[in-house]
There are 2 protein chains.
Amino acid sequence: MDLREISRLLYQIKLAEQNVASSFERETGFSLTRYEMLQVVKERGVCSQRVIKEEMKIDNAAITRHLKILEEKGYVVRERNAENHREMFVRVTEKAEQDLGHCERDEQTNHLVLQALSAEEIQHLSGLLQKLNSHT
Amino acid sequence: MDLREISRLLYQIKLAEQNVASSFERETGFSLTRYEMLQVVKERGVCSQRVIKEEMKIDNAAITRHLKILEEKGYVVRERNAENHREMFVRVTEKAEQDLGHCERDEQTNHLVLQALSAEEIQHLSGLLQKLNSHT
DNA sequence: TTGTATCGTTTGACAAGTCAACGATTGATA
DNA sequence: TATCAATCGTTGACTTGTCAAACGATACAA
């Protein structure tokens, strides 16, 4: 396994990422990152940006900017934590719940991944990625 | 397999891409994309940007910009095709060959992927990605 | 020969990520 | 208690990708 073969593999991962992310956005109307972010916030009810950062492994700056956009679109509300004014508390709005539920219902079977891979293959892929990601 | 599970999987792919790309760059000194680009050009001897585009599935604009940087660093030379002045012919320099060979020798076993996955697992991952990528 | 379509590349405007520097709070300590 | 350090978030500069518009060849038709 020389460097050239490794780079081919890594480049395949890059292409896969680009393909799936853009098809996800095309099909749902949400960017993958913002969809995840809304789900993370929704599942916690209320949470600080630090929690989002730890959960999503994404840079603080990116979070601030995504939340600003989500706020403008009326998907989240932010307010300072009264007990600790450094923290911003985020929660999703009714509108977000509705729109998320909406695309949940719309896009059941037509996703790129489901077309390309069987359930077992997806399971397998997920396991490999988890192993890869856990090695920092 | 609902939308939430799909987005989790896709987000794993995104994280994997970010991890492997940045560790590749840290370890070799080349960005993954530019390394691939140099290899593609090197393997063909001389080629037009259109060929790079088809091989790498990357936008034209990105190619132009990467090549500009590689040219500034002395890794590639570009000249118009004398038979068709629309095309730019690209080839790698001596310096590129040397530096590529250099990091080839340096970085044999310490790559993230090799630490995380066995040879069979890598094989398997590659197959799954290929299947995924071939579905557009 | 003169449009006109097409090709290959370049450029500009945007999206989404990084890092580093900053600012406001809070907590710890001398 | 005054100061100093750590925490949380924001902002600015940069990278690397996209798409769309523009550009200079070239090819082909009338």
Side-chain angles (χ1 to χ4, degrees), chain A residues 10-11 13-26 29-38 41 46-73 76 78-90 136, chain B residues 10-11 13-26 29-38 41 46-73 76 78-90 136:
Chain A
L10 304 194
Y11 198 76
I13 298 178
K14 186 194 201 80
L15 290 181
E17 189 275 325
Q18 293 175 181
N19 286 338
V20 299
S22 76
S23 86
F24 183 90
E25 182 158 3
R26 201 178 327 112
F30 286 102
S31 90
L32 176 58
T33 300
R34 287 203 275 272
Y35 183 90
E36 268 297 301
M37 198 170 285
L38 284 174
V41 174
V46 166
C47 71
S48 70
Q49 298 187 194
R50 187 179 48 74
V51 171
I52 300 176
K53 178 197 167 101
E54 282 158 8
E55 185 81 4
M56 295 183 67
K57 279 113 175 63
I58 194 182
D59 193 272
N60 268 326
I63 296 177
T64 294
R65 285 160 193 150
H66 279 301
L67 288 179
K68 210 178 114 203
I69 290 166
L70 289 171
E71 200 170 28
E72 281 164 11
K73 292 189 178 167
V76 302
R78 298 192 305 155
E79 50 204 3
R80 295 217 162 269
N81 176 358
E83 268 108 60
N84 181 349
H85 278 240
R86 286 175 299 196
E87 279 186 341
M88 289 297 275
F89 274 166
V90 194
T136 304
Chain B
L10 305 195
Y11 199 75
I13 298 178
K14 184 193 202 81
L15 291 180
E17 189 276 326
Q18 293 175 179
N19 286 338
V20 299
S22 75
S23 86
F24 184 91
E25 182 157 4
R26 200 179 327 112
F30 287 102
S31 90
L32 176 58
T33 300
R34 287 203 276 271
Y35 183 90
E36 269 295 302
M37 198 170 284
L38 284 175
V41 175
V46 166
C47 70
S48 71
Q49 299 186 193
R50 188 180 47 74
V51 171
I52 300 176
K53 178 198 168 101
E54 282 156 10
E55 184 81 6
M56 295 183 68
K57 279 112 176 61
I58 193 180
D59 193 272
N60 269 325
I63 297 177
T64 294
R65 285 161 194 150
H66 278 302
L67 287 179
K68 211 178 114 203
I69 290 167
L70 289 171
E71 200 169 29
E72 280 164 10
K73 292 189 178 166
V76 301
R78 297 194 304 156
E79 50 205 1
R80 294 217 163 271
N81 175 358
E83 268 109 59
N84 181 349
H85 278 238
R86 288 175 296 196
E87 280 186 340
M88 290 296 275
F89 273 166
V90 194
T136 306

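Given the structure is predicted, the values throughout are model-derived calculations rather than measurements. By convention in this document, chain letters (A, B, ...) are assigned in the order of the sequence lines, proteins followed by strands, and residues within each chain are numbered from 1.
For the pair A:Met37 and A:Leu67, the minimum side-chain heavy-atom distance is below 4.5 Å.
Taking atom CD on B:Glu25 and atom P on D:dG17, their separation rounds to 10 Å, with Å as the unit. Atom CD of A:Glu71 and atom C1' of D:dT10 are 13 Å apart (whole Å). Distance NZ (A:Lys57) to P (C:dG17): 15 Å, rounded to an integer number of Å. Residue B:Ile63 contributes atom CD1, which lies 14 Å from atom P of C:dT11 at whole-angstrom precision. What separates NZ of B:Lys14 from P of C:dA15 is a distance of 15 Å, to the nearest Å. Between A:Asp59 atom CG and D:dT16 atom P there is a gap of 16 Å when expressed in whole angstrom units. Between the CE atom of B:Met56 and the C1' atom of D:dT18 there is a distance of 15 Å, given to the nearest Å. The separation between A:Asn19 atom CG and D:dG17 atom P is 14 Å, rounded to whole Å.
Under the ring-ring contact (aromatic ring centres under 6.0 Å, His included) criterion, B:Phe24 pairs with B:Tyr35, not counting sequence neighbours. Considering only residues two or more places apart in sequence or on other chains, A:Arg65 meets the salt bridge (charged side-chain N to carboxylate O under 4.0 Å, His left out) condition with none of them.
In the model, B:His66 has a side-chain atom that pairs as donor or acceptor with a side-chain atom of B:Arg34 under 3.5 Å.
The side chain of A:Ile58 lies closest to C:dT18 when the candidates are C:dT26, C:dT18, D:dT26. Distance from the side chain of B:Gln18 is smallest to C:dG17 among C:dG12, C:dG17, D:dG17.
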Across nucleotides 1-9 of chain D, 5' to 3', mark each nucleotide with B, S or - according to how protein heavy atoms within less than 4.0 Å reach it. -----BBSS
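Place A:Ala61 and A:Ala82 on DNA chain C by their nearest nucleotides, and A:Ala61 ends up nearer the 5' end.
Nearest heavy-atom pair across B:Ile58 and B:Ile63 is CG2-CG1, 3.4 Å.
For A:Arg26 and D:dT18, a side-chain-to-base donor-acceptor distance below 3.5 Å is absent, hydrogens and geometry of angles not being considered. Counting atom types as modelled, B:Arg65 pairs a side-chain N or O with a base atom of C:dG12 as donor and acceptor under 3.5 Å.
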Applying side-chain contact (heavy atoms from CB on, under 4.5 Å) to A:Glu36 and B:Leu10, what does each step give before you reach the verdict? CA-CA 10 Å; A:Glu36 268 297 301; B:Leu10 305 195; over 6 Å; no
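Exactly one residue among A:Arg50, A:Glu79, A:Gln49 makes a side-chain contact (heavy atoms from CB on, under 4.5 Å) with A:Glu87. That residue is A:Arg50.
Here A:Ser22 does not reach the OP1 or OP2 of D:dT18: none of its side-chain N or O atoms lies under 4.0 Å away.
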